[in-house]
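I am attaching a structure below and will ask some questions about it afterwards.
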Amino acid sequence: MEPIDRKTFLATAGAASLAGAAARPSVAAADAQDAVFLSTWHWGMEANRRAAQIRAHGGSLVDAIEKGINVVEDDPNVTTVGYGGYPNAEGEVELDAGIMDGHTHRAGSVCSLHKIKNPISVARLVMEKTRHTTMAGEGALQFAIAMGFKPMQLLTPGALEAWLKWKNTPNHQTFWIDGEHHDTIGMVAAGGGSVAAGCSTSGLAWKLPGRVADSPLVGCGYYADDAAGAASATGDGDVMTNYCTSKHIVQKMAEGMHPQEACADLMRYMARSARELHTNMYCVIAIDKRAEIGALSMNAAQPLQYALWRNGQGALHTAPHFL
Ligand code: GLY
């Protein structure tokens with residue numbers, strides 16, 4: 001079949017929607033309307049909306065994922081991602097992010113990045129401007145500055161107050177924030193026969209300085225391969241890293257599993273040995289190259305909300321749980 005240029009494609013898609021089937025869209029219709037975006041948590045709604053705008057203006061899936069995730073990184077009210085993220089035990093905000101293009105099979109990531117509020121954009125430049133995949137700490141910061149990013153204070157007054165409260169609590173024993181445990185923005189996308197994935201986080205609040213978990217590690221926090229699909233993980237990254245979650249799910253999709261079944265297969269694998277299965281947060285999202293999706297949490301106590309953008313509309317859902 002001849003490749004179709006974007007203008008013709010959009011005209012065809014527009015005509016199709018004017019012809020106006022109001023019925024539930026099929027996968028084929030979803031493909032005709034181009035990209036589908038699937039993101040973690042309620043903030044994924046705005047991220048998806050932005051990603052869809054970027055895509056509608058001719059952006060690639062990688063453009064869309066980067067700019068979508070930027071929305072959450074820029075939001076000071078999200079205390080687990082980017083600007084406003086809770087700091088490490090020493091009061092320093094340390095950010096992790098990674099992005100992968102399923103078409104080129106290239107990934108880029110940054111770990112323990114200080115002072116730069118958009119680590120996903122730095123990760124993208126690692127992928128596109130260097131022959132490296134992962135950059136960490138001071139080297140990542142210097143790379144970001146060389147790429148034109150401006151260092152800034154990422155600790156908001158609210159995050160400082162929360163950190164001081166933790167610091168001044170006698171015998172504080174947990175590294176988890178009391179209350180909501182939502183952590184990353186993970187996003188996967190499918191469109192035009194390709195897939196992509198990205199993930200960004202400030203990580204565990206009050207973590208030991210230098211701690212890196214699943215989010216910026218290719219195959220763990222995110223993975224994308226046009227041959228099968230894309231996946232992302234959210235939750236206790238110290239544990240999930242040990243299961244190469246996203247690679248596991250994409251591998252299972254490559255073997256023919258539906259994304260939902262691939263997510264369940266990962267949970268089955270984790271359930272053999274992971275700790276605190278009924279209380280800890282282990283959650284995943286997945287999309288295959290036909291834009292079929294999967295989303296699953298390990299347990300009912302830590303439910304996963306995910307945001308789905310399909311056919312020009314966004315919706316927030318609660319994923320099923322495995323146990
Ligand atoms: N899943 C994010 C983290 O544990 O840092």
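Predicted, not measured: the structure shown is a model, and the values here were computed from it. Numbering of ligands and ligand atoms starts at 1, following listing order.
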Have a look at ligand 1 and work out which part of Thr234, if any, has a heavy atom under 4.0 Å from it: side chain, backbone, both or neither.
->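 The answer is neither.
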
Salt bridge (Lys or Arg N to Asp or Glu O under 4.0 Å) partners of Glu161, counting only residues at least two apart |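 Partners of Glu161 under the salt bridge (Lys or Arg N to Asp or Glu O under 4.0 Å) test: none.
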
Could you tell me whether Gly203 and ligand 1 have an N or O pair separated by under 3.5 Å?
->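 No, since none of the N or O atoms of Gly203 sits under 3.5 Å from an N or O of ligand 1.
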
Atom CG of Asp75 and atom CG of Asn77: how far apart are they, to the nearest 0.5 Å?
->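 Rounded to the nearest 0.5 Å, the CG-CG separation comes to 5.0 Å.
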
Element-labelled atoms of ligand 1 that are located less than 4.0 Å from some non-hydrogen atom of Thr184 |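 Answer, ordered by atom number: 1 (N), 2 (C).
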
Can you sort out which atoms of ligand 1 are near Arg211, meaning under 4.0 Å from one of its heavy atoms?
->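 The atoms of ligand 1 under 4.0 Å from a heavy atom of Arg211 are 3 (C), 4 (O), 5 (O).
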
For ligand 1, which atoms sit closer than 4.0 Å to a heavy atom of Asp214?
->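 Ligand 1 atoms under the 4.0 Å threshold to Asp214: 1 (N), 2 (C), 3 (C), 4 (O).
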
For ligand 1, which atoms sit closer than 4.0 Å to a heavy atom of Gly235?
->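 The atoms of ligand 1 under 4.0 Å from a heavy atom of Gly235 are 1 (N), 2 (C), 3 (C), 4 (O).
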
Find all atoms of ligand 1 within a distance of less than 4.0 Å from any non-hydrogen atom belonging to Ala213, and give their numbers and elements.
->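 Taking each heavy atom of Ala213 in turn, ligand 1 has 3 (C), 4 (O), 5 (O) under 4.0 Å.
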
Judging by distance only, is a nitrogen or oxygen of Asp183 under 3.5 angstrom from one on ligand 1?
->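 Checking ligand 1 against Asp183, an N or O pair does fall under 3.5 Å apart.
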
Could you check if a side-chain atom of Met100 sits within less than 4.5 angstrom of a side-chain atom of His105, using non-hydrogen atoms only?
->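 Yes - at least one pair of side-chain heavy atoms lies under 4.5 Å apart.
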
Indicate yes or no: at least one non-hydrogen side-chain atom of Ser39 is less than 4.5 angstrom from one of Ile185.
->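 A side-chain contact under 4.5 Å exists here.
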
Can you list, pair by pair, the side-chain donor-acceptor contacts under 3.5 Å of residues 188-195, counting residues two or more places apart and other chains?
{"from": "Ser194", "atom 1": "OG", "to": "Asp226", "atom 2": "OD2", "distance (Å)": "2.8"}

For Ser215, atoms of ligand 1 separated by under 4.0 Å from a heavy atom =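 So the atoms of ligand 1 that pass are 1 (N), 2 (C).
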
Check Asp96 against ligand 1 and report side chain, backbone, both or neither, counting heavy atoms closer than 4.0 Å.
->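 The answer is neither; Asp96 stays 4.0 Å or more away.
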
Do the ring planes of Trp206 and Tyr86 sit parallel (below 30°), tilted (30 to 60°) or perpendicular (above 60°)?
->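 Judged by the thresholds at 30° and 60°, the geometry between Trp206 and Tyr86 is parallel.
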
Is any NZ, NE, NH1 or NH2 atom of the basic residue among Glu73 and Lys117 found under 4.0 Å from an Asp or Glu carboxylate oxygen of the other?
->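 No salt bridge links Glu73 with Lys117.
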
